[in-house]
Amino acid sequence: MRIDLHTHSSVSDGTETPAELVRTARAAGLDVVALTDHDTTDGWAEAADARPAGLTVVPGMELSCRWFPADQPPISVHLLAYLFDPAHPALAAERERLRAERLGRGQRIVEALAADGYPVDWPEILAASAGGVVGRPHVARALVRAGVVDSVDAAFASLLHHRSPYYVTKADTEVRQGIALVRAAGGVPVFAHGLATKRGRVVGDDAIGAMVEAGLVGLEVDHPDHSEAEREHLRGLARELGLIVTGSSDYHGTNKTTPIGACTTAPEQFEALLDAGTGTAPSTG
Ligand code: AMP
Ligand code: FE
Ligand code: FE
Ligand code: ZN
């Protein structure tokens with residue numbers, strides 16, 4: 001069994017449509033794939049409808065959250081959520097709030113770049129996102145189209161990283177509130193790439209403890225952005241705290257170089273995750 005529980009489609013900041021993504025998953029030899037677009041469930045129906053025989057498709061999402069330390073600015077944390085009820089009103093409202101937050105913030109980033117002479121245009125980027133959830137990768141692709149940089153990665157390295165003068169923050173969900181919302185909707189919250197220091201500042205064990213008290217169910221341990229030491233630390237915490245351990249690629253199509261299935265989840269951990277989710281069912285058969 002090969003199980004990848006974290007992938008993105010063009011409904012957020014991946015490059016393949018949900019239908020293409022499930023075909024890619026099967027062609028890569030996966031038995032289970034979770035679709036976890038940022039802050040949206042809009043790809044679920046298409047992924048389920050296009051599911052190749054023999055592939056299980058788990059409906060999921062990656063919710064943009066923040067942890068507020070006592071003595072530092074907020075830290076960005078991503079919460080994977082599986083098998084929740086997409087119609088749960090409070091969680092649906094939070095998704096809509098985040099979508100609007102991303103639109104305002106994307107426009108500010110693009111207008112600041114344009115004001116400094118970079119040939120990017122917000123209406124063009126919005127059109128290219130085709131109604132999906134907009135993120136910095138959409139701005140990165142526009143910079144590639146305009147010939148400013150030659151890759152999405154180069155756009156992040158030069159202009160879009162979180163210390164760039166063009167960076168604009170967004171008011172992401174307070175993570176304990178996010179966990180509570182996912183649980184209220186019958187879902188399974190898993191802390192995504194929790195110790196990936198290569199992505200920026202990360203939370204301490206105190207925050208993870210608080211997240212567990214709020215209802216966190218799992219930790220994503222095997223992730224391409226985690227070092228071996230970071231994985232070991234998380235594995236120890238999971239053992240100590242009785243949490244599910246997952247592994248996944250965080251596939252984004254050609255917006256990143258990681259192939260689908262680059263990291264995977266053990267079958268018994270996946271079974272535990274299925275048992276914990278009551279808001280919706282995976283597509284299987
Ligand atoms: P945002 O959600 O708008 O803050 O953008 C964050 C997203 O940008 C992440 O989910 C990744 O998909 C992507 N990202 C971050 N850093 C890089 C990078 N160096 N190269 C490519 N994509 C990146
Ligand atoms: Fe992303
Ligand atoms: Fe993430
Ligand atoms: Zn992701």
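Source: prediction; values computed, not measured. Hydrogens, waters and symmetry mates are skipped; everything else that's a heavy atom, side chains included, is used. Note that ligands are numbered from 1 as they come in the structure, with each ligand's atoms numbered from 1 the same way.
Classification of Arg199 and Asp250 as a salt-bridged pair holds, one side-chain N sitting under 4.0 Å from a carboxylate O. A salt bridge links Arg235 with Asp222: at least one charged nitrogen is closer than 4.0 Å to a carboxylate oxygen. Salt bridge Asp39/Arg102: present, at least one basic N to carboxylate O contact under 4.0 Å. A salt bridge is defined here as a Lys NZ or Arg NE, NH1 or NH2 lying under 4.0 Å from an Asp or Glu carboxylate O, and Arg136 with Asp13 fails to meet this definition.
No other N/O/S atom of Glu62 lies as close to the Zn ion (ligand 4) as OE1 does. Minimum-distance N/O/S atom of His8 relative to the Zn ion (ligand 4): NE2.
Around the Zn ion (ligand 4), the angle linking Asp250 (OD1) with His6 (NE2) is 80°, rounded to 10 degrees. Rounded to 10°, the angle that OD1 of Asp13 and NE2 of His252 form at the Fe ion (ligand 2) is 70°.
Arg176 places no side-chain N or O within 3.5 Å of a backbone atom of Met211 that could act as its donor or acceptor partner.
Using modelled atom types, one finds a donor on one side chain and an acceptor on the other under 3.5 Å when comparing Asp4 with Ser249.
Protein contacts to the Fe ion (ligand 3) involving N, O or S atoms at a distance below 2.8 Å are Glu62 OE2, His78 ND1, His193 NE2.
Just one of His193, His78, Glu220 meets the side chain to side chain donor-acceptor pair (under 3.5 Å) condition when paired with His6; it is Glu220.
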(message) Run the ring pair (Phe, Tyr, Trp, His ring centres under 6.0 Å) test on His38 and His8 for me, step by step, so that the C-alpha distance in whole Å, both residues' side-chain angles and the decisive distance to 0.1 Å come before the verdict.
(response) CA-CA 7 Å; His38 297 285; His8 297 266; 4.1 Å; yes

